[in-house]
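A short write-up of the structure that comes next.
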Amino acid sequence: MKQPIDLTPKFPLLSAEEEIYIAPNFADTPSQMVGGWRADANQLSQGNVQLQSNQERFLIGNATGSLTGIGIFLGKDGTDYEFRAGDPSAQYIHWDGSTLAIRGSVTATSGTIGGWAIGATTLTGGNTTLDSTGVLTLGTSNDVVKLSSVDASYRLWIGNATAASAPFRVTKAGVITAADITITGGSVASSTLNGLIAQANLSVSNRGWTQTSAFSVTDADTVAWAAGTFTSADGTAYSIGAGNTGNMAARTYIYLDNAISTTAYQTTTTPANAVGAGRVLIATAVNGTAEAEFEVFGGIGGSNINASQIVASSITANEIAGSTITAAKLSVAQLSAITADLGSITAGTVTLASSGHIKSGQTDYNTGTGFWLGISSGTAKFSIGNSAGNYITWDGSALTINGYLTDQFQAGSILIASADTNRSTTSTSATKLKEIRNLRRGRQQDRVFAGLSQWRRRRNATLNHIW
Amino acid sequence: VDSTFTITLKDFHVGYAPVAHLNPLTEIGQAGHASAMANVDVLTPGLLTQGPALANLTAGTQAGAITELLTFLMDKAVSSDATYGIGPTKLQKISSTAVTNTGSWPHTVTNMAEGESVIDLRGNLYYLFNKASAGDIGKYDLNVTFDDDWGSTVPTGFAALQKAPHPVAAKEDIMAFGNGRYGGIYIDSLTTLYPTKLDFGSGNEVADVCFHANTWLWAVNSGVSGTNRNSCQIYFSDPAGLSAILLDETTPGPYRIGFLYPLGGVVYVAYQDLSSAGGYAIGYIAGRQIKPLRYFTGSLPTFEQKTLYKDTILFLSSGSVWSMGAPVEQLPLGISQLADGGYATVGAIAAPFGTPMVASTDGTTNFRLAKFSGYDTACTWRWLIRPAVSGRQLGYIDEVVVLTKTLGANARCDLILETDQATGTSSTMQIKTTGKRRHVFKDADIGLGGVEDFRVFLNWANGSAVNDCAIREIFIAGHFKEA
């Protein structure tokens, strides 16, 4: 029998693993690996290492430019070729095409740098050694200067290899020992000098002092001084002889200059000449009108000053001896300028001016209660008492008495009135108590008798009067 | 009878015939190739059966949480049985069975108009999106806190994004994302955002990004959108994301790239050749070449329309789910149209829990997020056109024997022979009967006379959604006879 024809279509098919084929040729394949390197179109790279052909550069780490990213850059940067290794923000070495810059720490144990021999721990050159232990030595043997950061006591010394033996040395606390020293400038804090410099090491002009020569005025242009002793703070004493200024025409300065004399004070009219090394200004003097003036600055001292040197309005009674101011020294426009208790006037007269007056209580003639004596409206007047009650006035022409007579008044042998008080007697014989005499014809003033009538009414029962 | 012939159809896992995308009546191929198919599963080598149906996730429709088309689904679980997706206005939390519709979920993202992508990076979820103008990155701490303008306000280098597609990928502490003409980088350990780290130039747009072989790969399209020919580049950049200098590039040609998909050490590329009708292809990067593997019709899938299923690449094209790959490496690659996408307009596909899920909308008010479940019955498969003439003799089909797996209840597939350039048909041969494995059809069942050519047409419209009717082999016997 004839076999049937197989019409089943045939079509070649690859398996998936055969069909999907990645070319092994890395040149044709992005990101292929060759020798452990990934080969891209423009670079070979692995991890953080890139060899960039199109950029002509080699990058390691995170470096992406000549001064960008920590790592290593080697290659073209713009138009030149550069090298950099390290951290651009910290330590790195960089060749920018013309200059090599190193920033950060450098370690070398041999060779030279800038003419310095590099040792394991030193840089040496020209008898100079910089030791990494912390010592810089300039010179050899004991002819050296040494700077040390590690010596237990000293940081600088000169003249001996051993710090403690060096004639010049400075401790780390700043204490200086110097076999010889000349200081030509600078300054020392006053707080540092306080109590540290002996007085004897100071010029006499810088010491405290005293002196015993007494100064006195000879006349209007001469001041003299007696012999005495000048003693400085360190005890140095100079015996000074008596002297004077001579006739002065200007302010004169009396001073000690031990370079000139230690036995006599000097004088000058130039102020600057009285001070300076070895000089002590003792006093000044100047000629005056009546007396010369002087002022001594130390020791016994003393002065004879012009009143213009006293502060205005500063002298009080305390500074004035009692009973020493004479009338000739006073000149005032009014006596009232002197504040004082008038005291007792025992002599002289008081003559009032055209409107003058003496008063107490009353404020004007017959005004108020008190008295007033003086000139009122051009007329001498007097008033006493209460201008609204009982008073006596003299107005320049009339004497007026207003009020009760409260005591007896007698004109010659005539009793005019008696006080309004009880009058009584125990005598059994008649006694004249009051007597009113009518010197003239007519009636007595009612006031006089009114009082008597009143008394009579009250005393009717025991009337003892003789009427 | 002058002579007889036999044909044996098997090895259906090879999927579409090599030129089926160019000619639906193609004769080129082998015994298992198809010239056309719809919703057919050939991913189990040796079996040809119904593709998977779709079942909505709980709250996975507009009646629940899905009130808009999800435009991105994460293709991994962020935590056990939890992943995330994003739509035009909302961020969604999704489990293998449901969309969370309680508490703060779904989260309405402030000012968002186009959700673009979502990714998790070192304990936080980042969602990239566009607003009415410009774009932004939101951040969710996977606990309670949403920061919808995080990218434009918080990280060092913060800035608004371009209003553009934002494909995203992550590796260790680095997130790389497309940002229009720019490649953006976010380094979480530095809390530093570089939204314009790489500049691919004016008129270019990043279509997708992935990490492969210690290198970031950027698929960049150049040109204008729509039906305009583009060119494309695939760039390679520094794995640390710190360098703005590109390492290398590949120039596929005058294509438009849809997505990149690294799988098994190979980077697959979906791209389109506008000069060819149906000129869509899945290829791979081979050195500096893009080698096409299989072609398909429909539309170009984008970065959010890809996932892995049964070791094949699953992608979306014109509302359907496609598969490309080989379930096992020792078998040939196959491309097939595996399943329906749901509604006509599909959004994103992903398989974060193993079973693919697809987002879709009818373009009006209906939205769904559904996952593969059961069997579809809107499934068809057509074999190659096979000439059946021998000289002046026509072919007569005498017998058709179909081998199936043991059929379950209601399992059924109808077999028809389409003849003479698919202008004629045979009788319908029903492959059914519970427990049956061999189905023999004789002349009377076939009902054909002499034919010039024919092809097998399988239709599961009358099948079962529970018990599939899986075809193992189809044997056809006939004879030539002068008409």
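Labels below follow one simple rule: chain letters A, B, ... track the order of the sequence lines, proteins then strands, and each chain is numbered from 1.
Sorted by first and then second residue, the salt bridge (Lys or Arg N to Asp or Glu O under 4.0 Å) pairs with a member in residues 153-182 of chain A form an empty list; sequence neighbours excluded. Legend: salt bridge (Lys or Arg N to Asp or Glu O under 4.0 Å) pairs involving residues 50-66 of chain A, not counting sequence neighbours, sorted by first then second residue: A/Glu56-A/Lys76.
Using a 4.5 Å heavy-atom cutoff, the side chains of B/Leu384 and A/Phe11 are not in contact.
No donor-acceptor pair under 3.5 Å is formed between the side chain of B/Thr6 and the backbone N or O of A/Pro4.
Taking chain B as the reference chain and counting heavy-atom pairs below 4.5 Å, the highest number among A/Glu18, A/Glu19, A/Lys10 is found for A/Glu19. Of the listed residues (B/Lys10, B/Glu27, B/His33, B/Lys291), the greatest number of heavy-atom pairs within a distance under 4.5 Å of chain A belongs to B/His33. Options B/Ser390, B/Ala31, B/Gly29, B/Pro18 differ in how many heavy-atom pairs under 4.5 Å they form with chain A, and the most are formed by B/Gly29.
Contact detail for B/Pro387 and A/Leu7: the closest heavy-atom pair is O-CD1, 4.5 Å. Between B/Thr8 and A/Thr8, the shortest heavy-atom contact is N-OG1, 2.8 Å. Nearest approach of A/Tyr21 to B/Tyr284, heavy atoms of both residues: N-OH, 2.8 Å. A pairwise comparison of heavy atoms in A/Pro9 and B/Arg386 identifies CD-NE, 4.0 Å as the closest pair.
Heavy atoms of A/Leu14 lying under 4.5 Å from chain B belong exclusively to its backbone. Contact of B/Leu293 with chain A is made through backbone and side chain together, with heavy-atom distances under 4.5 Å. Proximity to chain A (any heavy atom under 4.5 Å) is restricted, for B/Tyr268, to the side chain, taken from C-beta onward. When heavy atoms are compared at a cutoff of 4.5 Å, B/Ser243 does not approach chain A at all.
With rounding to the nearest 0.5 Å, the separation of CG in A/Asn62 from CG in B/Leu242 is 7.0 Å.
Screening B/Leu333, B/Val14, B/Leu331 against A/Leu13 for a side chain to side chain contact (heavy atoms under 4.5 Å, CB included) leaves a single residue, B/Val14.
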